[in-house]
Structures are given as structure tokens and as C-alpha cells.
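See below for the structure under consideration.
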2 protein chains.
Amino acid sequence: MAKAIKKETCQYRLIAGKDAMEVLQGKWRIPIIISLTDGDKRFGEIQREIGNISPKMLSQELKALEENKIITRTLYDSMPVTVEYSLTPLGRSTDKLLEEFLKWGTHFRNEIVGNR
Amino acid sequence: MAKAIKKETCQYRLIAGKDAMEVLQGKWRIPIIISLTDGDKRFGEIQREIGNISPKMLSQELKALEENKIITRTLYDSMPVTVEYSLTPLGRSTDKLLEEFLKWGTHFRNEIVGNR
DNA sequence: CCGAATCCTGTTTGATACTG
DNA sequence: CAGTATCAAACAGGATTCGG
């Protein structure tokens with residue numbers, strides 16, 4: 001076993017942070033998860049809700065989230081074809097994180113963003 | 001007052017998410033904050049602790065965090081000159097967020113990162 | 001309607017060397 | 001020690017077009 005790292009150390013925290021970063025990083029992943037927290041959605045619905053994301057980026061980021069088991073993609077073979085995206089349990093497990101994230105975003109907005 | 005947005009709506013959440021993103025985005029900001037949560041540190045200490053950040057990136061990101069009132073920079077005019085960085089109250093207000101971030105990072109690591 | 005494919009651009013990031 | 005300067009590489013993001 002190579003160099004065990006204790007839970008309390010800064011190094012441990014840095015690693016955990018990097019892991020979380022790996023999945024949630026970028027301009028669009030958290031917005032997408034927020035959007036899907038609201039309920040399962042189709043491609044176009046997510047796009048409209050987020051507002052200014054190009055189909056390319058949305059497609060690309062959805063794929064990445066799917067690979068990381070954060071969301072699932074379900075194809076309904078209707079006419080025309082519809083696709084629905086929804087959070088997996090792992091995806092839903094971000095809810096506490098998201099909540100704090102949003103709380104802090106609001107706090108920060110009030111402290112700083114408003115004053116410039 | 002232009003188009004009030006209720007707290008519970010997806011749109012409100014998307015905006016708060018974007019605000020938080022604006023400050024915490026990028027590969028290095030959260031690691032830097034984690035490092036400083038551990039205590040005030042000097043430039044070189046942060047760099048060694050994070051491990052593979054170039055001085056240019058560190059300098060640049062520290063500057064951005066300072067502009068957003070997340071950290072402060074204190075110059076001690078000793079010989080040789082030393083500089084210490086520390087979290088502001090606003091910076092320390094990320095602690096709950098960080099905690100959830102790290103908790104989830106660990107969870108994710110166990111679920112996914114370990115299995116690939 | 002839901003994307004895939006292509007092309008193109010600007011920003012981010014990094015390696016390295018150097019300065020007060 | 002605490003950064004800056006410079007140059008190159010990588011990547012994020014956008015515009016557009018096309019297919020099932």
C-alpha cells in the first residue's frame with residue numbers, strides 16, 4: 001500500500017477536490033445537472049432552459065456526464081425520435097453539494113457581484 | 001424592477017450557479033482555497049502543496065481570487081521579501097460548500113474513479 | 001426534433017527561463 | 001522568495017451545415 005493519506009490532511013482534501021473537479025468542471029456541467037434536478041428533460045428543453053449553450057457543447061457535455069454515470073440517456077423510438085435525460089442516483093447524490101453551491105453563489109452575489 | 005425571479009425556480013438556481021462558477025471555476029481556484037483553509041501560506045508553500053501548478057498560473061489565480069475578495073495578500077518587507085496569503089471572511093464562507101464538495105469527491109471516487 | 005461532423009477562433013494552461 | 005516574460009500547446013466554445 002503506497003503512502004496512505006489521512007482523511008484530515010490537506011493532501012487528502014486536495015485529492016478529493018480534484019476528483020470532484022474532474023466531473024463538475026467547466027461552464028456547463030453544473031447548469032445541466034441543475035436543470036435535470038428539476039426533472040427529466042429532453043435535449044431541446046435543456047438547451048432552452050440554459051439559454052445560450054450551443055447544441056455541440058450540450059451534446060458533448062451530456063456525453064461526458066453520461067460516461068461518468070451522472071446522467072442516463074433514454075431513447076424513445078417514437079416519430080420523431082425523442083430522447084430523455086435524467087439523473088442517476090449518483091447524479092442525484094450531488095444535491096447537498098448543489099444546494100451549498102447555490103447558497104454560496106447567492107451569498108457571493110450579494111457581497112460582491114452586486115457592488116460592481 | 002425587472003422580471004423578478006423566484007427562489008425556487010430552476011432559473012434562479014441556474015443564475016446562482018453561474019455566480020458561484022464565476023469565482024470558483026478553473027482547475028486551480030478550489031485547490032488554492034483548500035490549501036489556505038489549512039492556514040495562511042506563502043507563495044512557495046502553496047505551490048509545493050498543490051504540487052504541479054506553474055508559478056504563472058498560481059500568480060494569476062491568486063490575483064483573481066484577491067480581486068474577488070476571497071483572499072488577501074500581505075507583504076512583509078523582510079529580507080528576503082515574504083508574502084502571505086490568507087482567506088477573507090468571504091473566503092472562509094466557502095467552508096460548508098467545500099466540505100460538501102470534498103465529501104462528494106470522495107463518494108464519486110469510490111463509485112467511479114476506482115473502477116476504471 | 002435531436003443531434004453528428006466540420007471548421008475555425010480565442011482563451012486557458014503549461015514549460016521554461018529570468019528578475020528584484 | 002515571489003513572482004514576470006515569453007512562447008507554444010491544448011482545449012473550450014461558436015457557427016454552420018447536414019442526416020435520421
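When reading the values below, keep in mind they use all heavy atoms of this one structure, side chains included, and skip hydrogens, waters and symmetry mates. Within every chain, numbering begins at 1; the chains are lettered A, B, ... in the order of the sequence lines, protein sequences first and strands thereafter.
- Considering only residues two or more places apart in sequence or on other chains, K69(A) meets the side chain to side chain contact (heavy atoms under 4.5 Å, CB included) condition with L90(A), I112(B).
- Here the shortest heavy-atom pairing between H107(A) and S93(B) reads CD2-OG, 3.6 Å.
- Between D77(B) atom CG and dC1(D) atom C1' the separation is 13 Å, expressed in whole Å.
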Using the rule given for salt bridge (charged side-chain N to carboxylate O under 4.0 Å, His left out), can you reason through E66(A) versus K63(A), listing the C-alpha separation, both sets of side-chain angles and the distance that settles it, and then say yes or no? CA-CA 5 Å; E66(A) 196 189 350; K63(A) 218 170 280 176; over 6 Å; no
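- In terms of the side chain to side chain donor-acceptor pair (under 3.5 Å) criterion, residue partners of R73(A) (sequence neighbours excluded) are, by chain and number, Y85(A).
- A search for side chain to side chain contact (heavy atoms under 4.5 Å, CB included) contacts involving L102(A) returns I34(A), R13(B), A16(B), not counting sequence neighbours.
- The 5' end of DNA chain D is approached more closely, in terms of each residue's nearest nucleotide, by P55(A) than by the other of P55(A) and P80(A).
- Within residues 35-52 of chain B, the residues that place at least one heavy atom under 4.0 Å from DNA chain D are, in residue-number order, R42(B), F43(B), G44(B).
- For the pair E84(B) CD and dC1(D) C1', the interatomic distance rounds to 13 Å; values are reported in whole Å.
- Atoms NZ and CH2, on K18(B) and W28(A) in that order, are 8.0 Å from each other to the nearest 0.5 Å.
- Taking the side chain to side chain donor-acceptor pair (under 3.5 Å) definition, one finds that S54(B) meets it with nothing, sequence neighbours left out.
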Can you tabulate the close N/O pairs, meaning under 3.5 Å, that link protein atoms to atoms of nucleotides 7-13 of chain D?
| unit_1 | atom_1 | unit_2 | atom_2 | d |
| --- | --- | --- | --- | --- |
| dG13(D) | N7 | K56(A) | NZ | 3.3 |
| dG13(D) | O6 | K56(A) | NZ | 2.9 |

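- Chain B approaches DNA chain C over the interval dT13(C) to dA15(C), counting the first and last nucleotide 5' to 3' with an atom under 4.0 Å from its heavy atoms.
- Remark: E111(A) CD to W104(A) CH2 distance equals 9.5 Å, nearest 0.5 Å.
- As judged by a 4.0 angstrom heavy-atom cut-off over every strand, Y85(A) is placed among residues touching the sugar-phosphate backbone only.
- Where the helix from dC1(C)-dG20(D) to dG20(C)-dC1(D) starts and where it ends, the local axes point in directions that differ by 50°; five pairs per end, rounded to 10°.
- Both L87(A) and L75(A) are members of a single hydrophobic cluster when ILVMFWY side chains are connected at heavy-atom separations under 4.5 Å.
- Residue pairs meeting the salt bridge (Lys or Arg N to Asp or Glu O under 4.0 Å) criterion with at least one partner in residues 51-62 of chain B, sequence neighbours excluded, are R29(B)-E61(B).
- Under the side chain to side chain contact (heavy atoms under 4.5 Å, CB included) criterion, K27(B) pairs with Q25(A), sequence neighbours left out.
- Sequence neighbours left out, not one pair with a member in residues 78-98 of chain A passes salt bridge (Lys or Arg N to Asp or Glu O under 4.0 Å).
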For residues 39-52 of chain A, tabulate all N or O donor-acceptor pairs below 3.5 Å that involve a side-chain atom, not counting sequence neighbours.
| unit_1 | atom_1 | unit_2 | atom_2 | d |
| --- | --- | --- | --- | --- |
| K41(A) | NZ | S35(A) | O | 2.5 |
| K41(A) | NZ | D38(A) | OD2 | 3.4 |
| K41(A) | NZ | E49(A) | OE1 | 3.1 |
| E45(A) | OE1 | R42(A) | N | 2.8 |
| Q47(A) | NE2 | I53(A) | O | 3.3 |
| E49(A) | OE1 | S35(A) | OG | 2.6 |

